[in-house]
Q: 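To start, I am sharing the structure in question, which I have written as structure tokens.
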Number of protein chains: 2
Amino acid sequence: MKRDGSATPNALLGLLSMGPMSGYDIRQMIPQSIGHFWSESYGQIYPGLKRLAAAGLATKKTERKQGSPDRYVYSLTAKGREQLRVWLKLPVAEEVPRNELLLKLFFGAQTSPSVSREHVRAYLALHQQKLHVYRAIAKRLWKEEANDPRLPFWLMTLSMGQHCSAAMVKWCKETLKELDGIERRHKGGK
Amino acid sequence: MKRDGSATPNALLGLLSMGPMSGYDIRQMIPQSIGHFWSESYGQIYPGLKRLAAAGLATKKTERKQGSPDRYVYSLTAKGREQLRVWLKLPVAEEVPRNELLLKLFFGAQTSPSVSREHVRAYLALHQQKLHVYRAIAKRLWKEEANDPRLPFWLMTLSMGQHCSAAMVKWCKETLKELDGIERRHKGGK
DNA sequence: GGGTGCATGTAATGGGTTACATGATTCT
DNA sequence: AGAATCATGTAACCCATTACATGCACCC
């Protein structure tokens, strides 16, 4: 049995479960849907969709319109829906995430504290901005998708982003204070 | 100018800044150092060290002992230290992290709420355990490395883990309540 | 005429893990 | 005898991004 190391084909199934789509459509909608915690490039999407069709998990229809390129629109088959449900049940594969900020911070004693401080500052700004974006998305969803049964699940993923970014903002502020202290000792103490 | 897409060689430089080491040593010490936010496999380490030596960033010494295999111990050169400092100053490259849990949760409406609940439950357990581990490490560091000037930086990376896991625990608990509500409506309501 | 958007796709390249290969010593 | 630990390393494979290639239509 071939074990499926990658979640990519299943991510495509999930996106197709939201409605028939072309590869181009999928790419366009990612920022508005799973973009905050998942990404796919054309190099994955187009061959991936082809493979789904070859495996009988999706069907491909050609849409022709004069004055614009052909579109290949994929729809989930019953088999595809079933495969999606099977994958959703499988335990989540936890990976060791690589965090370059922490890597640099860990070796922070090898350079001036101000270097670390700038990294943390940038991280703070990043997460403050994310919090704004999350709030805007939540507002939009409450208005526009109020009756969609999928709404609660979308809000849960948003909520994780909010919890995480809020924690990061708090950590950044504490860490900046700590770094300031180190810098003062660095300059004043010796 | 060739831009360095990968932080791996610099991670090796950072580890070597802690003292001369063999590839084997590096692999062994990762869980005790940067393991919570970075990983490297032998397939990266051994060729990586060779490249560092070839680039004049590290020197290789052979240690022979009767009754055990040869060890190739690498030490940073002045040039290597300088390169580490240069890399530390470069802005952190933010990547879009892939979170499989969120991906499954986002499509949670395609299956029974209990499926999502189990995933969240596992995530809760994972982060509660991480909190224990972090606390144990912090204790050990305070005792054993109290006078090391690098200690504050190590504690900062630990602290991020603590903030993050604490936020995840909170989110999991809230989300489990929400999922319970959905399940009740699911069963009772219709 | 030139940029932008629609729309498809592939090839090159990069980055990384895993499994394998080797071989001595020490512990059970 | 067999397993675990020390220690090095490579080859096969997997996954993913990026750059490139094509081509039409529309707007400035």
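Proteins come first, then strands; the chains are lettered A, B, ... in the order of their sequence lines, and each starts at number 1.
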Q: Ser41(B) side chain: which of dA7(C), dT18(D), dT17(C) is closest?
A: dT17(C)

Q: Which whole-number value in Å describes the distance from Ile45(A) CD1 to dT17(D) P?
A: 9 Å

Q: Could you tell me the separation between the CD atom of Gln44(B) and the P atom of dG14(C), rounded to a whole number of Å?
A: 14 Å

Q: Closer than 4.0 Å, any side-chain N/O of Lys50(B) to the OP1 or OP2 of dT10(D)?
A: yes

Q: May I ask you to evaluate whether Tyr24(B) reaches the phosphate of dT8(D), defined as a side-chain N or O under 4.0 Å from OP1 or OP2?
A: no

Q: Roughly how many Å is it from CE in Met29(A) to P in dC6(C), rounded to a whole number?
A: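 Atom CE in Met29(A) sits about 15 Å away from atom P in dC6(C).
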
Q: Is the Tyr42(B) ring parallel, tilted or perpendicular to the Tyr46(B) ring (thresholds 30°, 60°)?
A: parallel

Q: Is the phosphate of dG9(D), meaning OP1 or OP2, less than 4.0 Å from a side-chain N or O of Tyr42(B)?
A: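 No, Tyr42(B) has no side-chain N/O under 4.0 Å of OP1/OP2 on dG9(D).
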
Q: Report the distance from atom OH of Tyr72(B) to atom P of dA7(D), rounded to the nearest whole Å.
A: 12 Å

Q: For Ser6(A) and dA16(D), is the shortest distance between a side-chain N/O and OP1 or OP2 below 4.0 Å?
A: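 So the side chain of Ser6(A) is within the cut-off, an N or O lying under 4.0 Å from OP1 or OP2 of dA16(D).
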
Q: Run the salt-bridge test on Glu118(B) and Arg121(B) with the 4.0 Å N-O cut-off and return the result as yes or no.
A: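 Judged by the 4.0 Å cut-off on N to carboxylate O distance, Glu118(B) and Arg121(B) do form a salt bridge.
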
Q: Using only side-chain N and O atoms of Thr8(B), determine if any of them is under 4.0 Å from OP1 or OP2 of dG16(C).
A: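 Indeed, a polar side-chain atom of Thr8(B) lies that close.
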
Q: Rounded to whole angstroms, how far apart are CG on Leu49(B) and P on dT8(D)?
A: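 Between P of dT8(D) and CG of Leu49(B): 9 Å.
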
Q: Closer than 3.5 angstrom, by distance alone: can the side chain of Thr62(A) be matched with the main-chain N or O of Tyr72(A) as a donor-acceptor pair?
A: no

Q: Looking across every strand, which nucleic acid part, if any, lies under 4.0 Å from Arg98(B) by heavy atom: base, sugar-phosphate, or nothing?
A: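 Since only primed, P, OP1 and OP2 atoms lie under 4.0 Å of Arg98(B), the category is sugar-phosphate.
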
Q: Rounded to the Å, how far apart are Trp38(B) CH2 and dG16(C) C1'?
A: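 Going from Trp38(B) (CH2) to dG16(C) (C1'), I get 12 Å.
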
Q: Roughly how many Å is it from CD in Glu95(A) to C1' in dC14(D), rounded to a whole number?
A: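 Going from Glu95(A) (CD) to dC14(D) (C1'), I get 15 Å.
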
Q: Do Arg71(B) and Tyr24(B) form a cation-pi contact, if we require the NZ or CZ to be under 6.0 Å from the six-membered ring centre and within 45 degrees of the ring's axis?
A: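 Relative to the ring axis of Tyr24(B), which defines the angle, Arg71(B) lies outside at least one limit.
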
Q: Which listed nucleotide (dG9(D), dT10(C), dA7(C)) is nearest to the side chain of Pro47(A)?
A: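 Of the candidates, dT10(C) comes closest.
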
Q: Go nucleotide by nucleotide along DNA chain C from the 5' end; which of Asp70(A) and Gly43(A) gets its closest nucleotide reached first?
A: Asp70(A)

Q: What is the distance from CZ of Arg51(B) to P of dG9(D), rounded to the nearest Å?
A: 13 Å

Q: Is Lys79(B) reaching over with its side chain to a backbone N or O of Ala55(B), donor-acceptor style, under 3.5 angstrom?
A: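 Flag set: sc Lys79(B) to bb Ala55(B) pair under 3.5 Å.
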
Q: Which of the following nucleotides, dT17(C), dT18(D), dC6(C), is nearest to the side chain of Ser39(B)?
A: dT17(C)

Q: Within less than 4.0 Å of OP1 or OP2 of dT8(C), is there a side-chain N or O belonging to Ser22(A)?
A: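 So the side chain of Ser22(A) is within the cut-off, an N or O lying under 4.0 Å from OP1 or OP2 of dT8(C).
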
